Amino acid sequence: MRLGILTSGGDCPGLNAVIRGFCKYAFNNIEGVEIYGIEEGYLGLIEKMYRPLYPADVENILDLGGTILGSTRTPYKQMTVTGNGERTRLQAMVENYKKLKLDGLIALGGAGTHKTASLLSVEGCNVIGLPKTIDNDIYGTDVTFGFHTAVQTAADCIKRIRTTADSHSRVFFVEVMGNKVGWLTLYSGIAGGADAIFIPEISYSEAGLAEYLKKRKEAGCRSTIIAVAEGAISDREAAMNKKERKDYLASVGNASAAVRCATVAELNTGISCRSTVLGHIQRGGDPSAYDKVLSTEIGAYGAQLAKAGKFGVTVCVRGSKLSYNSLTEIAGRTKYVPADSQMVTLAKDIGIYFGEQ
Ligand code: F6P
């Protein structure tokens with residue numbers, strides 16, 4: 001059996017641990033298996049960039065951040081348009097899949113990766129997706145690998161901001177990644193002891209925020225930390241149509257969510273506000289112990305599915321068990337934070353402010 005494995009989209013801690021878990025299972029349990037590491041994500045499949053992986057290649061990579069295979073972001077839309085005026089990128093991938101005589105392709109990635117995996121699967125390639133992303137937004141799985149490590153990193157940063165904010169009696173808006181969903185901000189906000197959490201699923205009131213900050217000042221709170229998801233928007237922004245929002249963002253120099261929030265809050269209250277954008281620090285570094293275990297299991301389980309000939313699926317976590325969903329069923333769907341989820345409700349109950357009016 002010849003299997004290809006690739007890592008696609010933004011990296012995250014745990015990719016190498018998954019590659020290792022996959023390879024170790026395959027080498028130990030699939031007679032005569034050959035594994036090709038496809039380099040630079042789907043680009044490697046389009047351009048036939050690959051190298052065989054041997055047991056020695058996956059030794060001592062459990063802790064290693066990033067991905068030994070490299071990754072590129074190739075937007076899903078570009079996968080379906082004609083390249084070089086002759087064949088689509090999708091066709092190129094299908095052709096190379098056949099030329100490499102692969103019996104299966106394992107794609108480690110997030111939502112975009114899964115869309116492409118689904119397309120390849122519809123074209124007759126045997127594909128298995130493995131759910132990677134710090135955003136935790138893949139539909140149909142409770143958790144993705146990389147998420148909890150990023151939560152830890154972001155929470156540690158929020159905690160550090162607290163000490164400097166306390167020293168200077170400051171208000172800080174800390175921007176957390178997460179693309180269009182608020183999972184990472186919600187978890188890291190709670191774990192980092194943030195006073196307020198703004199996520200894309202619940203738009204915050206600009207007037208409400210001003211009131212909240214004034215009240216905290218009156219109450220003598222030394223510092224206020226607001227964890228702001230990069231996709232968070234205010235009620236005023238939410239009321240804008242697409243064009244209005246685009247124009248508005250251009251008018252503020254495409255300032256990020258935390259910067260916009262801090263600017264408006266300062267304007268409305270006269271209280272000096274600071275913003276910090278955590279950025280890619282959230283994606284770098286070693287996986288946590290939890291993610292090392294999860295990644296090892298997901299990799300091994302992916303190989304087990306390949307051995308069993310179970311393709312056209314993506315691995316998911318349900319409760320404490322690994323299972324799988326059909327690729328076509330989950331592709332193009334997003335797992336949002338339900339605004340009325342137990343976690344949000346309990347966070348509100350302990351006094352965390354979510355931007356209410
Ligand atoms: O999907 C992971 C993620 O880190 C998002 O949270 C973020 O919006 C995006 O990738 C950043 O992408 P890039 O590394 O291409 O700037």
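Whatever order the structure lists ligands and atoms in, that order sets their numbers, starting from 1. Numbers here are sequence positions counted from 1. Quantities reported herein were computed from a predicted structural model and do not represent experimental measurements. FYI, side chains are in, hydrogens and waters are out, and symmetry mates aren't considered; it's all heavy atoms of this structure.
With ligand atoms numbered from 1 in the order given, ligand 1 contributes 4 (O) to contacts under 4.0 Å with heavy atoms of Ile134. Heavy-atom contacts of Glu230 reach the following atoms of ligand 1: 5 (C), 6 (O), 7 (C), 8 (O) (cutoff under 4.0 Å). Within ligand 1, the atoms closer than 4.0 Å to a non-hydrogen atom of His280 are 13 (P), 14 (O), 16 (O), numbered from 1 in the order shown.
A perpendicular orientation is assigned to the rings of Phe147 and Tyr187, their planes being inclined by more than 60° (bins at 30° and 60°).
Val315 pairs in a side chain to side chain contact (heavy atoms under 4.5 Å, CB included) with only one of the listed residues (Leu130, Thr144, Leu108), which is Leu130. The one candidate from Arg170, His168, Arg162 that meets the side chain to side chain donor-acceptor pair (under 3.5 Å) condition with Ser223 is Arg162.
Close N/O approach between Gly178 and ligand 1 is found [any backbone or side-chain N/O within under 3.5 Å].
His148 and Ser288 form no side-chain donor-acceptor contact under 3.5 Å, judged by distance and modelled atom types alone.
Residue Gln282 places no heavy atom under 4.0 Å from ligand 1.
Cation-pi check for Arg216 over Tyr353 is not met; the charged atom does not lie both under 6.0 angstrom from the ring centroid and within 45 degrees of its normal.
Look at Lys24 and Glu59 and you find a salt bridge, because one of the NZ, NE, NH1 or NH2 atoms lies within 4.0 Å of a carboxylate O, short of that distance.
In terms of protein heavy atoms, atom 10 (O) of ligand 1 is closest to Arg73 NH2, 2.7 Å. The protein atom (non-hydrogen) at minimum distance from atom 3 (C) of ligand 1 is Arg283 NH1, 3.5 Å. Here the heavy atom of the protein found nearest to atom 1 (O) of ligand 1 is Asp135 OD2, 2.7 Å.
Put simply, Ile68 and Val18 are part of the same group of oily side chains (I, L, V, M, F, W, Y) that touch within less than 4.5 Å, one to the next.
At a 4.0 Å heavy-atom cut-off, ligand 1 does not touch Leu184 at all.
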